[in-house]
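Indexing begins at 1, ligand by ligand and atom by atom, following the structure's order.
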Amino acid sequence: MICHLNGEFLPLAEAKVPVLDRGFIFGDGVYEVIPVYGRKPFRIDGHLARLQRSLDAIRIRNPHAGIRWKQLIDELIGHHENNDQSVYLHVTRGVAKRDHGFPKDLAPTVFMMSNPLVMPSSEQLERGVVGVTATDNRWFRCDIKSTALLANVLLRQLAIDAGAAEAVLLRDGFLTEGSAANIFAVKSGVIVTPAKSHLLLPGITYDVILELAAQNGLPLEQRDVSEAEVRGADELWLTSATREVLAITTLDGRPVGNGAPGPIFRRMHALFQGLKRANGEPT
Ligand SMILES: Cc1ncc(COP(=O)(O)O)c(C=O)c1O
């Protein structure tokens with residue numbers, strides 16, 4: 001498998017980073033995961049804009065202009081056989097003597113790899129997946145796509161240990177997101193999801209759902225969603241770059257709605273597939 005490290009394409013097994021890289025020492029970096037359909041990155045401009053926002057938030061200069069990122073991503077895709085891929089890219093502050101404060105003008109470390117995109121199985125689409133609620137115990141800058149994912153890792157493992165596919169996170173009685181996904185609820189035909197804030201990652205798939213809802217006349221509200229609304233929802237969905245949109249049909253051992261993926265989920269899933277076929281352009 002070929003990856004990219006600091007300007008070079010090389011086999012993944014040969015890619016090496018110094019142990020003093022601040023990504024290794026502090027988790028001092030940011031990342032993106034970009035789905036690739038039919039060898040074309042999906043919503044690349046959105047991903048690169050979010051990368052820029054994350055880099056600005058942690059004060060790392062962007063090592064590449066957008067056009068260069070696109071070239072590198074295309075080259076990486078070209079090294080892999082699968083038409084559908086998941087490109088991971090990662091920028092850390094670079095290598096320096098261990099000290100919390102950071103030196104100015106450090107050269108950032110850039111790493112990229114690509115894996116085959118594993119889409120949700122037909123069983124997951126037909127039956128939905130299991131969710132469990134958990135207390136959102138992360139920091140107050142969840143809008144930064146940081147590589148420091150310890151809290152998310154522990155929350156995902158909590159879900160796995162409970163036989164679930166995702167943790168549905170609640171902070172002070174309100175929904176935030178999942179351990180690696182945004183969450184939408186549906187009640188009486190209205191889709192609701194928390195508005196973007198420092199408490200959740202602004203998902204690229206989240207934006208796609210908002211656009212598809214607006215274009216197709218599906219009522220959607222971005223607002224605070226209480227725990228009671230989550231528990232009383234007719235439908236619950238999770239969205240992410242690699243899982244697209246999936247129905248959560250069991251929450252904390254109880255059925256969500258009638259326990260099967262709902263009609264609005266099915267509509268949104270079909271719209272999403274149409275958008276993918278049109279390469280991310282409105283159909
Ligand atoms: C915490 C968190 N929220 C939301 C998302 C969804 O973002 P996207 O749709 O851009 O994949 C992710 C993606 O991995 C995530 O890690």
Ring centroid separation His198 to Phe140 under 6.0 Å: no
Leu200 versus Thr176, closest heavy-atom pair with distance: CD2-O, 3.7 Å
SB check Lys70 Glu75 (cutoff 4.0 Å): no
Considering all heavy atoms, the nearest Ser146-Gly27 contact: OG-O, 4.1 Å
Reported CG-to-NE2 distance for the pair Leu76 and His4, which is rounded to 0.5 angstrom: 8.5 Å
Plane angle bin for Phe272 and Phe42 - parallel if under 30°, tilted between 30 and 60°, otherwise perpendicular: tilted
Where does ligand 1 get N/O contacts under 3.5 Å from the protein, atom by atom?
unit_1, atom_1, unit_2, atom_2, d
ligand 1, 3 (N), Glu177, OE1, 2.6
ligand 1, 9 (O), Ile204, N, 3.4
ligand 1, 9 (O), Thr205, N, 3.0
ligand 1, 9 (O), Thr205, OG1, 2.5
ligand 1, 10 (O), Arg50, NH1, 2.8
ligand 1, 10 (O), Arg50, NH2, 3.1
ligand 1, 10 (O), Ile204, N, 2.9
ligand 1, 11 (O), Ala241, N, 2.8
ligand 1, 14 (O), Lys145, NZ, 3.4

